[in-house]
Amino acid sequence: MPLSTHRRLAMSATLIAALAGGLAPATAASAAPATPTAPAGPATPAPDMDGVTAALNSAMANGAPGAMARFTGPDGVRTRTAGVRDRVSGEAMDTRARFRIGSVSKTFSSVVLLQLVDEGRLELDAPVNHYLPGLLPDDRITVRHLLTHRSGLADYTEAMFAKTVPGFEAVRNRVFTYQELVDLSLAEPRTTEPGVAYKYSNANFVVVGMLIENATGTSVAKQYEQRIIKPLKLRHTSYVHPETRIRGTHVRGYLHPDEVGAPLVDSTEQTVSWAQSAGAVISDPADLNTFTTALMRGRLLSPRMLDAMTTVTPTDATQTRFYGLGLRRYDLSCGTQVYGHTGTVQGFYTYAFATRDGRRALSAMANTSNRGAANTALGGTLEAAFCGKETAPVASSTKTPRTLSTLPAEADLPERR
């Protein structure tokens with residue numbers, strides 16, 4: 001019997017059997033045996049973009065000239081803006097504009113260093129002095145201690161910015177070496193014994209930058225470019241230290257003086273040499289969303305290194321805020337956990353977070369600093385974006401209050417107001 005005739009007869013027999021059993025004929029795509037499906041989990045809440053807008057407006061009410069947020073999720077991209085990106089020209093805030101991301105840079109530095117660990121060039125639990133002999137006064141301080149802020153190295157920015165505006169103006173155009181910044185830290189008493197307690201310090205990530213450059217023989221800028229910026233096609237992200245300008249369309253940053261009623265200081269142009277690998281990256285909301293989602297989806301790190309990075313310990317007594325390896329975790333009121341980092345540099349506050357599966361991400365920015373209430377208000381974008389509209393409380397409810405909107409924001413830089 002010809003093969004084509006055999007196939008036609010076989011298909012006819014299958015169709016007759018299906019109809020006899022009261023079944024619709026199967027298509028080629030659905031003919032494979034069915035696989036059991038897992039029970040559906042709770043539905044992902046739609047982002048409350050009105051709540052995001054309210055948080056941006058609250059940041060403005062607390063002293064920011066403008067603010068913006070960009071959310072990405074299964075249903076696409078949603079953006080919100082408020083106020084201005086330039087107080088002189090009056091140009092409206094724009095989610096396509098670049099800005100200084102401050103300590104979100106620490107996550108970039110951590111990714112590079114953890115890639116080097118995967119390549120066997122560094123070990124997390126090796127002493128820093130093994131790679132940089134004689135740099136630190138204690139051989140017990142390890143690479144992991146730097147990434148987790150448990151080294152005990154003092155944060156030199158406390159003394160540097162004890163008076164906010166004079167401190168900033170003294171370093172606005174200055175170019176430091178890494179060693180000079182480490183020396184400023186070592187001139188201060190250490191804050192804790194190595195590994196004992198979390199104590200945030202920009203000095204840790206200055207040393208991380210030194211480790212990266214020592215291990216690779218090239219600059220941190222080149223390593224960011226090769227390992228993160230080019231692979232992810234982050235077209236608006238750069239590390240231009242010590243150049244002072246932000247090229248292209250950008251947001252201007254405004255620093256609040258310590259004195260009540262004193263005029264804002266335009267702090268846009270600066271070297272950010274006082275931070276370098278701890279906080280000198282420039283980016284925009286779209287690139288930050290791409291970075292955090294790619295990181296959480298395993299595009300930048302091996303599973304082993306990503307697990308290490310996302311293993312966290314508490315940073316305060318609320319049991320809602322944690323730190324891993326150059327990465328924060330916030331536990332939101334709806335039970336959602338988000339990973340990323342906050343950022344502060346003179347004139348800018350930033351939040352860049354994503355869910356652990358990388359399916360949802362938010363980046364938000366307000367163009368001010370030294371104004372803690374504005375920073376706290378901006379944090380409210382996370383609850384609104386990831387938890388959706390807040391429901392009316394029920395007497396028996398065990399729902400966690402929306403603490404990120406009420407707890408003072410974690411400080412990445414000394415705040416005097």
Exercise. Give the C-alpha distance, both sets of side-chain angles, the deciding distance and a yes or no for salt bridge (Lys or Arg N to Asp or Glu O under 4.0 Å) between Glu119 and Arg227.
Key: CA-CA 13 Å; Glu119 293 164 12; Arg227 295 172 179 270; 2.8 Å; yes
Does [X], at its [atom1] atom, have more than 12 non-hydrogen atoms belonging to other residues, nucleotides or ligands within less than 6.0 Å?
X: Arg297; atom1: CZ; answer: yes
X: Arg359; atom1: CZ; answer: no
X: Arg235; atom1: CZ; answer: no
X: Glu123; atom1: CD; answer: no

Heavy atoms only: give me the nearest [X]-[Y] pair and the separation to one decimal.
X: Ala159; Y: Glu188; result: CB-OE2, 4.0 Å
X: Pro137; Y: Leu186; result: CD-CD2, 3.6 Å
X: Ala280; Y: Ser105; result: N-OG, 3.4 Å

Just by modelled atom types, is the [Y] backbone N or O under 3.5 Å from a matching donor or acceptor in the [X] side chain?
X: Ser201; Y: Leu153; value: yes
X: Asn367; Y: Arg252; value: yes
X: Thr368; Y: Tyr254; value: yes
X: Tyr349; Y: Arg371; value: yes
X: Gln226; Y: Gln223; value: no
X: Tyr131; Y: Ala126; value: no
X: Glu158; Y: Pro414; value: no
X: Arg416; Y: Phe161; value: yes
X: His256; Y: Gly63; value: yes
X: Gln276; Y: Phe176; value: yes

In plain terms, say whether [X] and [Y] are close enough for a salt bridge, that is, a side-chain N and a carboxylate O under 4.0 Å apart.
X: Asp50; Y: Lys389; result: yes
X: Glu169; Y: Arg172; result: yes
X: Lys106; Y: Asp412; result: no
X: Arg100; Y: Glu269; result: no

Practice problem: Just grab all the ring-ring contact (aromatic ring centres under 6.0 Å, His included) pairs involving residues 211-252, residues at least two apart or on different chains. | Solution: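 Of all non-adjacent pairs touching residues 211-252, those that pass ring-ring contact (aromatic ring centres under 6.0 Å, His included) are Tyr224-Tyr239.
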When you check the side-chain N and O atoms of [X] and [Y], is any donor under 3.5 Å from an acceptor?
X: Ser238; Y: Arg247; result: no
X: Thr342; Y: Glu410; result: no
X: Thr313; Y: Arg150; result: yes
X: Thr320; Y: Thr318; result: yes

Rounded to the nearest 0.5 Å, what's the gap from [atom1] on [X] to [atom2] on [Y]? Could you check?
X: Leu255; Y: Thr268; atom1: CG; atom2: OG1; answer: 10.5 Å
X: Met93; Y: Met60; atom1: CE; atom2: CE; answer: 8.5 Å
X: Glu390; Y: Asp48; atom1: CD; atom2: CG; answer: 9.0 Å

Quiz item: What residues form a ring-ring contact (aromatic ring centres under 6.0 Å, His included) with His341, not counting sequence neighbours?
Solution: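 With neighbours one apart ignored, the set is Tyr323.
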Quiz prompt | Contacts of Ser185 that satisfy side-chain hydrogen bond (donor to acceptor under 3.5 Å, both in side chains) - sequence neighbours left out | solution =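 Residues passing side-chain hydrogen bond (donor to acceptor under 3.5 Å, both in side chains) with Ser185: none at all.
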